[in-house]
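Each chain gets a letter, A, B and so on, in the order its sequence line appears, and its residues count up from 1.
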2 protein chains.
Amino acid sequence: MAKSGSADSSVAVSCGSCSVRRLCLPGGLSREDIDRLEQVTRRKKVIKAGEALFHAGDPFDNLYAIRSGSFKSAVIAADGNTQVTHFALPGELLGLDAYSSKSHPSYAEALEDSSVCVLPFSLLETLAQQVPALQQQIYSIFSDELRQENEILMLLGKRSADTRLAALLINISSRYARRGYSANQFVLSMPRTDIANYLGLTAETVSRLFSRFQKEQLIRVSGREVTILDLIGLSELAGTHCSYDN
Amino acid sequence: MAKSGSADSSVAVSCGSCSVRRLCLPGGLSREDIDRLEQVTRRKKVIKAGEALFHAGDPFDNLYAIRSGSFKSAVIAADGNTQVTHFALPGELLGLDAYSSKSHPSYAEALEDSSVCVLPFSLLETLAQQVPALQQQIYSIFSDELRQENEILMLLGKRSADTRLAALLINISSRYARRGYSANQFVLSMPRTDIANYLGLTAETVSRLFSRFQKEQLIRVSGREVTILDLIGLSELAGTHCSYDN
DNA sequence: CGGACAGTTGAGCAGCGTCAATCTTGGTGG
DNA sequence: CCACCAAGATTGACGCTGCTCAACTGTCCG
């Protein structure tokens, strides 16, 4: 457990039996196609909390599919400022934005001990050329990323601080729900500073908002553990009456 | 010229002789592959200033490649608020974010009289399955869109108003330059309100900034015509020492 | 000539950032 | 087992940036 490196962390895990297969590349694929996909997804990698999966500027060779844990990804400006652009959960893919420039424009860091599938993109590309359903799944993931980014833009564009935080809580809640976890109670894997950065706020403001939401009986908070008490109220605050993750 | 509709606007234009072919789907394709691509790009459409190319919720059948003119695309929240997410120039593709949900999550509106190639996605998909170079170009465009969105997130996240506007001016300048136009002098096709919305500001603030930039000898402005006088100064303000469009 | 719309400019205000002090938590080692 | 420390989180006071509201100017087009 203490040994770092890229060895398998546990028993062999295949796509067909992976707990997040419906949300990941195998989504929509036949049994047979999934078997072929497994040639591409053999290599696993374990990343400890705080470690980087890849850095900005690293050459692009692989995509990474999150098996367990969670990551933040961020871009770094010339002046050293960073902007957190994603919080990624199991089943989601990291590294898609690196294809065109052949090097990663952003970096990804584990928020907790995590494991990923390493997907050599050249293999995936070749396989997708032969398996239309996989091709479509790749388009779908690309497209969905774009859609999600638009939603975030919406948030950062012209919304008040409380709206932003409410929207994030609802988003995270719905993403946990999709994975079969509780939608009402969860543990945030990221510190306040990351939440603040992601939302374009400061950690102090985020902290004050958590306190205020609690006072208004919208949520209960204790450190990183959040319980949603009034989903309707929170949704009204967020402005989007349904969650923005479909 | 006054006649609306979807007929060809002018003489037949093929990808091989299109002025934006290097920036569009044909990028990196062989002469032979471009010939095959033209089976997909036959249909053209003319859109007048202010008209929509597609609305949010429209079914997804086609991608659109801009041949001339420019567009804004925007998402609409449940509460009616909109957020401008892109200003699109010739050679760029519209509609990529619609694939996963099979309907357009955003809408696109012409900022000036424009024309586009209508690309039936099912045909494009089939052709890409047979032409690896086209497949790669599609990945590349998807990936680049993601990268660009990250840059915008960066901008909206934690930057002052003047930084945002400076960054937009540099971005637009560099995109015109890539297309062979002047990098120092151009006409903005969008009104102040759209710029403001895109940058997460108000029209008044944008207007004040234009005035201030002019007073500081960074640019010269007259309505929508902009001349960049001090690219270095503007870049320093923007924080990114190079343009963010490569 | 006049109406409509885009853009400019000004005055006042408030939401959120900044700075700083204090409180909690988890990890470490004696 | 507990004392200690460092990092994260909370809370408060204050000020600035950018929003709001409003009046005015310029320009295009009938």
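When atom types are taken as modelled, the side chain of B/T85 and the backbone of B/S73 share a donor-acceptor pair closer than 3.5 angstrom. Judged by distance alone, with hydrogens and angles left aside, the side-chain atoms of A/S143 form a donor-acceptor pair with the main-chain N or O of B/D97 at under 3.5 Å.
Between the side chain of A/R224 and the base of C/dT24, no donor-acceptor pair under 3.5 Å is found. In terms of polar N and O atoms assigned as donor or acceptor, the side chain of B/R208 comes within less than 3.5 Å of the base of D/dT20 in a complementary pairing.
For the pair A/R159 CZ and C/dG15 P, the computed distance is 17 Å after rounding to whole Å. Atom-to-atom, NZ of A/K215 to C1' of D/dT10 comes out at 13 Å; the value is rounded to the nearest Å. In this structure, B/F210 places its CZ atom 16 Å from P of C/dA6, rounding to the nearest Å. Whole-Å rounding puts the B/R212 CZ to C/dT8 C1' distance at 16 Å. As a whole-Å value, the separation of A/R192 CZ from C/dC23 P is 19 Å. One interatomic measurement links the two molecules: CG of B/L199 to C1' of D/dG18, which rounds to 13 Å at whole-angstrom precision. Atom CG of A/D113 is separated from atom C1' of C/dG27 by 14 Å (rounded to the nearest Å). With rounding to whole Å, B/L188 atom CG is found 16 Å from C/dA6 atom P.
Relative to the ring axis of A/F210, A/R192 places its NZ or CZ within 45° and under 6.0 Å from the centre.
Side-chain contact, B/S189 with B/S70: a donor N or O sits under 3.5 Å from an acceptor N or O.
With C/dA6, C/dT9, D/dC19 as the candidates, the nucleotide lying closest to the side chain of B/E204 is C/dT9.
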Does the pair B/M154 and B/R159 meet the rule for a side chain to side chain contact (heavy atoms under 4.5 Å, CB included), with working shown?
CA-CA 8 Å; B/M154 184 88 195; B/R159 322 292 283 214; 3.6 Å; yes
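An OP1 or OP2 oxygen of D/dT11 is reached within less than 4.0 angstrom by no side-chain nitrogen or oxygen of A/S207. Distances shorter than 4.0 Å separate none of the side-chain N or O atoms of B/T205 from OP1 or OP2 on D/dG18. Within the structure, a side-chain polar atom (N or O) of B/S211 is placed less than 4.0 Å from OP1 or OP2 of C/dT9.
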